[in-house]
Amino acid sequence: MEHATEWLGLSEPPTPTLDGLRQVYSRWCTRVPFDNLLIRQSLAAGARVVQGMRPEEFLRTAREQGVGNLCMESAEALHALLSAYGFDAALGLCQIGADSGTLRANHVTVLVAIGTTRYIVDTTLLTGFPLPLVHGARLSGVAPYAVDRHPNGFWELSTLTLVGRKPKLIRLLAVTRVPEVSEALYQSLQGPDYRAANSVFFAQLGTDDGAILTLSRGSLYRTTSSGIEHTALPDTAAARQSLVDNFGMSPSATSKLPPDT
């Protein structure tokens with residue numbers, strides 16, 4: 001954690017206040033992509049089980065190579081970083097998707113208590129600002145965000161996907177302060193659906209001007225509150241260069257990007 005403050009572009013360690021949380025999370029969103037590069041590499045190499053990364057390894061990889069990972073590892077790393085700074089942080093076990101009648105955690109987020117209010121700082125939504133866990137909260141960024149407490153007691157966050165602009169629902173099922181739970185969940189989800197979801201590379205990252213970039217299937221998308229810009233990338237070399245130029249990934253990391261399957 002010792003290099004984190006400088007890496008985040010902060011002159012000194014943040015105080016565990018709402019302003020300090022905003023500083024850390026806004027910089028995280030522009031430095032740590034939500035991507036599956038390392039997973040794609042492991043699967044292409046024939047791995048039957050993809051091992052997760054501990055927070056120290058995750059942060060070192062993000063700092064040195066500009067590479068992130070999926071929600072479990074990134075949430076655990078942000079949780080560890082915020083805790084080291086003195087924030088009252090916890091992990092939220094969530095379900096993404098509409099109610100199918102079965103509760104099943106498939107997403108991990110980070111919750112931070114400031115006073116009597118908890119805030120969501122999600123490493124996949126990359127909102128750039130904390131979302132208050134307050135019934136009726138309505139905020140706007142590159143997408144609208146609505147927080148409500150369902151009559152059954154669960155908290156729900158409603159938003160839109162960045163590229164398809166389709167409804168996206170995240171339901172908070174449980175809160176834990178035991179980071180090993182996140183790793184156990186990650187290992188339990190590595191079935192056929194996991195491999196299918198990671199058969200195609202993707203990366204998302206916030207920008208300093210409030211947009212979010214998405215690279216997948218040979219296209220670069222720039223999503224803002226006013227719309228989506230699309231740029232077709234002619235080949236794999238162009239995609240790799242875009243990851244270096246626009247996402248800050250190292251050439252050594254992107255050179256190992258396997259083709260989609």
Side-chain angles (χ1 to χ4, degrees), residues 1 3-37 58-71 73-75 77-79 81-82 85 87 109-110 112 114 119-132 139-145 159-163 165 168 201-216 219-233 238-254:
M1 307 296 175
H3 304 290
T5 301
E6 180 181 359
W7 170 57
L8 289 171
L10 299 173
S11 59
E12 58 185 8
T15 56
T17 61
L18 182 54
D19 185 58
L21 180 61
R22 289 188 181 112
Q23 291 179 7
V24 174
Y25 181 57
S26 64
R27 286 163 171 79
W28 178 282
C29 291
T30 60
R31 285 167 172 77
V32 185
F34 169 44
D35 71 81
N36 65 348
L37 175 60
F58 180 98
L59 291 170
R60 183 176 63 253
T61 302
R63 187 177 68 250
E64 296 177 356
Q65 300 184 42
V67 177
N69 212 309
L70 300 186
C71 66
E73 283 85 355
S74 58
L78 180 57
H79 169 265
L81 179 61
L82 290 169
Y85 281 137
F87 288 92
T109 193
V110 181
V112 179
I114 304 290
Y119 292 85
I120 303 168
V121 283
D122 194 273
T123 58
T124 68
L125 294 179
L126 304 174
T127 58
F129 51 86
L131 299 173
L139 296 94
S140 294
V142 299
Y145 307 101
T159 184
L160 298 175
T161 59
L162 289 174
V163 176
R165 310 307 275 176
K168 182 174 184 176
F201 171 76
F202 69 84
Q204 293 182 325
L205 184 69
T207 67
D208 290 334
D209 62 356
I212 297 182
L213 303 176
T214 302
L215 192 152
S216 186
S219 293
L220 176 66
Y221 302 90
R222 176 184 170 86
T223 304
T224 66
S225 57
S226 58
I228 303 173
E229 299 175 6
H230 168 249
T231 302
L233 303 173
R240 289 172 174 162
Q241 191 61 49
S242 181
L243 290 172
V244 173
D245 295 341
N246 297 304
F247 290 77
M249 293 187 182
S250 69
S252 61
T254 59

Any side-chain heavy atom of [X] sitting closer than 4.5 Å to one from [Y]?
X    : Y    : answer
F58  : V32  : yes
V163 : H230 : no
L37  : F247 : no
C29  : I212 : no
S26  : F129 : no
V142 : S225 : no
L8   : R31  : yes
T223 : R165 : yes

Where [X] and [Y] come nearest, the two heavy atoms and their spacing:
X    : Y    : value
T123 : S74  : OG1-OG, 2.6 Å
T159 : A143 : OG1-CB, 3.6 Å
G66  : P33  : O-CG, 3.3 Å
L220 : L215 : CD1-CB, 4.3 Å
A239 : L233 : CA-CD1, 3.8 Å
Q65  : A253 : OE1-CB, 3.6 Å

At what distance, to the nearest 0.5 angstrom, does [atom1] of [X] lie from [atom2] of [Y]?
X    : Y    : atom1 : atom2 : result
T207 : L126 : OG1   : CG    : 10.5 Å
S216 : D35  : OG    : CG    : 11.5 Å
E12  : Q23  : CD    : CD    : 8.5 Å
Y145 : L139 : OH    : CG    : 9.5 Å
L125 : F34  : CG    : CZ    : 9.0 Å
R63  : H3   : CZ    : NE2   : 5.0 Å

| task | Applying ring-ring contact (aromatic ring centres under 6.0 Å, His included), name anything that partners Y119, two or more places apart in sequence or on another chain. | result | none

| request: Check the pair Y25, L82 against side-chain contact (heavy atoms from CB on, under 4.5 Å), reporting the backbone distance first and the verdict last. | output: CA-CA 9 Å; Y25 181 57; L82 290 169; over 6 Å; no

| said: Strictly distance-based, threshold 3.5 Å: is any side-chain N or O of T5 a donor or acceptor partner for the main-chain N or O of L10? | reply: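 Not confirmed, T5 side chain does not pair with L10 backbone.
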
Flag for [Y]-[X]: side-chain donor and acceptor within less than 3.5 Å:
X    : Y    : value
Y221 : T231 : no
T214 : Q204 : yes
Y85  : T15  : no

| Is there any salt bridge (charged side-chain N to carboxylate O under 4.0 Å, His left out) pair reaching into residues 219-232, and which pairs are they, with sequence neighbours excluded? |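 Found D209-R222.
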
| Among V121, T109, L59, D122, side-chain contact (heavy atoms from CB on, under 4.5 Å) partner for L78 | V121

